[in-house]
Protein chains: 2
Amino acid sequence: MKKVSLKDIAKLAGVSASTVSFVLNGKADTMRISKPIADKITAIAKKSGYHPNQLAVSLRTGQSKTIGLLVEDISNNFFAALAKFIEDEANKYGYKVVYCSTENNNQKAKALLQMLSHQQVDGFLITPTDKIDKDIQQLMDYKRPMVLMDRFLPSVATPYVLVNNFAGVETGMLHLIERGYRNIGFVTVDLNMIQMQKRDEAYIQTIHKHKKLIKTPFLLRLHYNEPTEDSVKKISAFIQNSALDAIFFSTNYLGILGLESIKQLKLKMPDQLAMVCFDDHDIFRLHTPEITTIRQPIKEIARSAVQILLAQMENKKQLFKKQVEIMPQLILRAST
Amino acid sequence: MKKVSLKDIAKLAGVSASTVSFVLNGKADTMRISKPIADKITAIAKKSGYHPNQLAVSLRTGQSKTIGLLVEDISNNFFAALAKFIEDEANKYGYKVVYCSTENNNQKAKALLQMLSHQQVDGFLITPTDKIDKDIQQLMDYKRPMVLMDRFLPSVATPYVLVNNFAGVETGMLHLIERGYRNIGFVTVDLNMIQMQKRDEAYIQTIHKHKKLIKTPFLLRLHYNEPTEDSVKKISAFIQNSALDAIFFSTNYLGILGLESIKQLKLKMPDQLAMVCFDDHDIFRLHTPEITTIRQPIKEIARSAVQILLAQMENKKQLFKKQVEIMPQLILRAST
DNA sequence: CTGAAAGCGCTTACAG
DNA sequence: CTGAAAGCGCTTACAG
């Protein structure tokens with residue numbers, strides 16, 4: 001009564017397991033199963049509430065129809081949205097998605113990669129941590145389908161999909177310069193990852209290109225895991241000591257911390273301080289004043305990553321080394 | 001080279017598959033495998049990077065060591081935090097967690113329940129939708145380990161863990177009344193779920209108990225899936241038409257919409273309007289002024305739910321009908 | 001002290 | 001037109 005198996009159906013219908021399998025997998029025609037038998041089997045299966053045990057199917061076919069998704073932090077808006085879009089897209093092709101958060105912790109990321117691998121996922125979608133290159137390289141060696149997202153590892157040639165980080169910061173900076181801001185600070189984080197390096201680089205280079213207008217860069221680099229109050233204090237000090245008239249945050253959670261600092265300093269935006277943040281967020285839209293941001297086209301990133309992964313899974317021999325960069329978008333709001 | 005199986009190890013070590021299995025599962029002693037053989041097997045397994053295929057283990061043992069988690073919406077802060085705590089707690093006991101969002105859509109919830117079931121999860125943690133009682137009843141009939149969370153179904157006797165919704169709203173209301181507010185509006189949603197009904201009830205009853213001070217309740221019930229701009233407009237009209245001096249939102253996303261309305265109306269909190277919201281959220285902490293909320297003890301809910309589920313899984317015959325209610329907490333901030 | 005065998009629930013060549 | 005058999009990768013009584 002509890003769990004009905006293929007065998008049970010076979011017994012009830014008075015046929016062999018193979019016949020049941022063929023019928024239930026829509027191969028009745030190719031296998032030339034007679035209509036009456038096929039119908040009988042279908043009816044019995046339906047009535048008894050039979051559903052194949054996916055574990056057994058996966059073991060037998062060697063395909064779990066599951067994609068393993070490793071994001072930095074699923075409770076972060078950006079990654080939550082990314083995961084959602086990926087799931088929708090994967091579902092279209094009959095794939096399930098299992099997702100996990102690395103929290104930028106190498107040990108955790110490695111363990112999760114192992115776990116997904118033991119669970120026999122068919123492919124990986126990964127936002128890598130900085131020291132995970134060995135593991136990624138190994139996946140590549142084993143020809144396991146995989147696409148990196150949001151960032152990539154310069155030391156390993158893999159397919160990836162990410163936003164053009166350089167262009168994003170550049171666009172935001174040019175906007176600030178155009179509006180007449182001259183003391184523009186940049187707050188970033190000491191994550192040794194390519195996407196952050198590109199953002200930092202874009203800031204420095206843009207300042208440099210406009211050295212006639214802008215004397216000097218002001219860069220504050222916070223620690224990834226430091227207590228939030230410490231970061232808030234450092235940002236406050238940074239704003240005051242450098243007499244900033246504008247501030248650029250390199251990622252959404254930094255921007256949210258920045259709002260705390262700005263609030264504590266009782267600075268009026270944009271009059272006393274302008275602000276731009278990389279990555280959009282509900283908080284920025286709801287804030288008074290609303291905050292100008294650089295928005296990543298999350299849906300496009302998701303779609304693109306899934307497509308490349310599926311292409312790999314279908315054609316294992318020739319792993320696509322496809323590397324995609326998508327342009328972000330400046331969302332103009334009241335803070336600049 | 002790619003995937004090493006138990007058999008491969010057995011061949012390499014020159015022993016049988018059973019011996020390898022015993023050693024690798026720490027049963028070398030009970031099975032009296034000789035030390036040298038055991039060591040040899042361990043060494044070979046390590047060197048060749050062997051890891052058991054979890055699909056096969058699950059199929060054979062009948063346990064997937066996986067818990068299926070069905071939440072309303074993983075991109076909602078509350079559920080994201082809940083999922084995170086549940087995962088941490090489950091991991092302690094060697095369980096993985098697969099999570100999915102119902103988005104309060106019955107069809108989707110049913111399909112996901114099916115999917116999890118076919119995937120052979122060992123137990124279910126569920127935030128039910130309103131018309132899913134049949135499916136839940138079926139799980140109960142089949143004695144599948146299960147705990148409902150956040151809400152329960154009055155028509156099905158199941159174990160559950162949730163916050164005392166009545167007490168939460170009552171506490172918030174008493175706080176508002178104490179502070180001298182007399183025209184207190186309540187914004188809720190037409191989800192036909194018990195947790196919302198309790199919150200509504202608490203509002204009405206508290207008003208009723210204080211009828212000497214408060215003339216009449218003002219209740220606005222929004223549609224769950226209506227466009228956000230419509231909701232925002234309705235809330236604005238509600239505030240103005242009823243000349244409210246305080247407003248209570250029955251859940252976090254309504255509160256966030258409310259912030260939009262209040263912003264558009266340019267009302268100063270708490271002078272022109274006080275606000276309380278059920279469920280805490282970063283946005284409320286970062287808002288100017290900060291918003292008073294009723295916070296659910298999410299970690300406790302998670303811990304408790306996992307504990308009850310594990311108890312069920314270990315003792316299938318006697319399903320615990322445990323029903324737990326936890327008290328929420330009033331977080332006083334500047335909006336009241 | 002160790003191995004052969006059965007079986008978890010499926011799918012899929014192969015045979016007739 | 002349908003069935004018997006092998007096998008996916010494991011675990012676990014059973015036997016010796």
Could you tell me whether the side chains of B/Q137 and B/D141 share a donor-acceptor contact shorter than 3.5 Å?
->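 Side chains of B/Q137 and B/D141: pair found under 3.5 Å.
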Does a donor on one side chain and an acceptor on the other come within less than 3.5 Å for B/S16 and B/T19?
->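 Their side chains do contain a donor-acceptor pair, which is all the 3.5 Å distance test asks for.
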Treat a base pair as Watson-Crick or G-U wobble with both distances under 3.5 Å, then lay out DNA chain C in dot-bracket form, 5' to 3', with | for cross-strand pairs.
-> |||.||||||||.|||
Under-4.0 Å side-chain N/O to phosphate OP1/OP2 contact, [X] with [N]:
X     : N      : answer
B/T19 : C/dC1  : no
B/K7  : D/dG7  : no
B/K35 : C/dC1  : no
B/K27 : D/dT12 : yes
A/S21 : C/dC10 : no

What integer distance in Å separates [X]:[atom1] from [N]:[atom2]?
X     : N      : atom1 : atom2 : value
A/Q54 : C/dC8  : CD    : P     : 18 Å
B/R32 : D/dG16 : CZ    : C1'   : 14 Å
B/Q63 : C/dG7  : CD    : P     : 21 Å
B/L6  : D/dG7  : CG    : C1'   : 15 Å
A/L59 : D/dT11 : CG    : P     : 12 Å
A/M31 : C/dA15 : CE    : P     : 14 Å
A/K11 : D/dG3  : NZ    : P     : 15 Å
A/I41 : D/dC1  : CD1   : P     : 14 Å

By nearest-nucleotide position on DNA chain C, the 5'-leaning member of B/V15 and A/A56 is B/V15
Check side chain to side chain donor-acceptor pair (under 3.5 Å) between B/E89 and all other residues, then give those that pass, not counting sequence neighbours.
->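 Listed in chain order: B/K92, B/Q307.
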Kindly indicate whether a cation-pi arrangement holds for B/K65 with B/Y95, taking the cut-offs as under 6.0 Å to the six-membered ring centre and within 45° of the axis.
-> yes
Pick the C1' atom in D/dT2 and in C/dT11, then give their distance to the nearest Å.
->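 Approximately 16 Å lies between the C1' atom of D/dT2 and that of C/dT11.
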Nearest-nucleotide wise, let me know which of B/L55 and B/S18 is further upstream toward the 5' end of DNA chain D.
->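 Final value for this comparison: B/L55.
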Go through the steps for B/Y99 and A/I74 under the test side chain to side chain contact (heavy atoms under 4.5 Å, CB included), then give the verdict.
-> CA-CA 11 Å; B/Y99 36 105; A/I74 194 72; 4.0 Å; yes
Nearest non-hydrogen partners of B/I41 and B/A13, listed with the distance | CG1-CB, 4.1 Å
Check every atom of C/dG3, D/dT11, D/dG3 against the side chain of A/S16 and return the nucleotide holding the closest atom.
->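 Among the listed nucleotides, the one closest to the side chain of A/S16 is D/dG3.
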Between C/dC1, D/dC10, C/dC10, which nucleotide has the shortest distance from any of its atoms to the side chain of B/R60?
->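 Nearest to the side chain of B/R60 among the choices is D/dC10.
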Where do B/L69 and B/I86 land on the side chain to side chain contact (heavy atoms under 4.5 Å, CB included) test, with the steps shown first?
-> CA-CA 9 Å; B/L69 171 59; B/I86 285 173; 3.9 Å; yes
Please work out if A/I37 contacts a base, only the sugar-phosphate, or nothing of the nucleic acid, heavy-atom cut-off 4.0 Å.
->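 The residue A/I37 makes sugar-phosphate contact but no base contact.
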Would you indicate whether the side-chain heavy atoms of A/L116 and A/L70 approach each other to under 4.5 Å?
-> yes
